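As the structure is a computational prediction, the values presented were derived from the model and not from experiment. Note: hydrogens, waters and symmetry copies are ignored here, and every other heavy atom, side chains too, is used.
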Amino acid sequence: MKALEAELRERLRRPLPGAEVQYRFAPRPLLPQWHPSDRPAGARDAAALMLIYPGPEGPTIALTERHAGLPHHAGQISLPGGGLRAGETPAEAALRELEEEVGVPADQVRLIGPLSPLWVLVSRFVVHPWIGVADTRPAFALAPGEVASLVEAPVALVRHPAHLRWGQQPRDGQPMMFPYFDVAGQQVWGATAMILGEFGALFDPAFGPGPPDRWARPLRYTG
């Protein structure tokens, strides 16, 4: 953990990978009205926290399975996070949301630094991701109605391209391809994959899923 923390602190002093890597992990075809660095009028700010802590397989990232009843991204795997309150900074909001969603107090977390903000068209949030570390595995307490389960992703898995896949599903009546991280059988895709992808690119600038045809069969949507 100490070596990883030192490496991350050093790397975050330099320019971030940014939109180039976020694009690698975006669903295809790309939405014509979307760019990850957009800040459209009326957009709301949100924050997310990538908490890294010691786990059985080494440094581990806490992800959450969102409750099926939530209005946006229901059932998807995400980082703890949510909208900023009046007067909050993204760092403050990220720590608050971490405690509200998975029960980890702010005084157990050392913030290392931010990743690139990301415009999420579906929820109309500009998400500000932060990386934080804890010295021991927290005693997680999941928020009823918000978090269905905790998904623990070893950092070594997230950094290894062997765990990247392409999936497909319909979008507006047309086939859509999406890159995802395979974490214990869970598909981690969308905005969360873009954030994790930039994290992976901190260590390997070429980190990415490769072209869609690397994994997927020809698209045949008949819905």
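At a threshold of 4.5 Å between non-hydrogen side-chain atoms, the residues V126 and R39 count as touching. Contact of the I77 side chain with the V183 side chain is not registered, since no non-hydrogen atoms from C-beta on lie closer than 4.5 Å. Side-chain contact between P27 and R171: present, with at least one pair of heavy atoms (C-beta onward) separated by less than 4.5 Å. With contacts defined as side-chain heavy-atom distances shorter than 4.5 Å, the pair E88/R96 qualifies. Put simply, the side chain of W119 reaches to within 4.5 Å of the side chain of P40, judged on heavy atoms. Under the 4.5 Å side-chain criterion, counting only non-hydrogen atoms from C-beta, E152 is not in contact with I61. Taking the side chain as every heavy atom from C-beta outward, R159 and V155 approach each other to under 4.5 Å. Contact check for I52 versus I131: side-chain heavy atoms found under the 4.5 Å cut-off.
The two residues L150 and L63 have their closest heavy-atom pair at CD1-O, 3.4 Å. A pairwise comparison of heavy atoms in A46 and F125 identifies CB-CD2, 3.6 Å as the closest pair. Shortest non-hydrogen contact noted between L115 and L202 is CD2-CD1, 3.9 Å. Pairing each heavy atom of P80 with each of A62, the nearest pair is CD-O, 3.7 Å.
In this structure a side-chain-to-backbone donor-acceptor pair under 3.5 Å is missing from W130 to A93. D38 places a side-chain N or O within donor-acceptor distance of the main-chain N or O of H35, the cut-off being under 3.5 Å.
For the side-chain hydrogen bond (donor to acceptor under 3.5 Å, both in side chains) test, no residue two or more places apart in sequence or in another chain qualifies with Q186. Every residue meeting the side chain to side chain contact (heavy atoms under 4.5 Å, CB included) condition with A191, not counting sequence neighbours, appears here in chain and number order: L118, V120.
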Start with the C-alpha distance between R85 and E92, add both sets of side-chain angles, then the distance that settles salt bridge (charged side-chain N to carboxylate O under 4.0 Å, His left out), and finish with yes or no.
CA-CA 9 Å; R85 293 177 178 171; E92 291 167 342; over 6 Å; no
Show your working on salt bridge (charged side-chain N to carboxylate O under 4.0 Å, His left out) between R11 and E7 and close with a plain yes or no.
CA-CA 6 Å; R11 176 60 186 85; E7 185 178 7; over 6 Å; no
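L111 and L84 are members of different hydrophobic clusters when ILVMFWY side chains are connected at heavy-atom separations under 4.5 Å.
There is no side-chain donor-acceptor pair under 3.5 Å between T192 and S78.
The only option from F199, F181, Y180 that meets the ring-ring contact (aromatic ring centres under 6.0 Å, His included) definition with F25 turns out to be F181.
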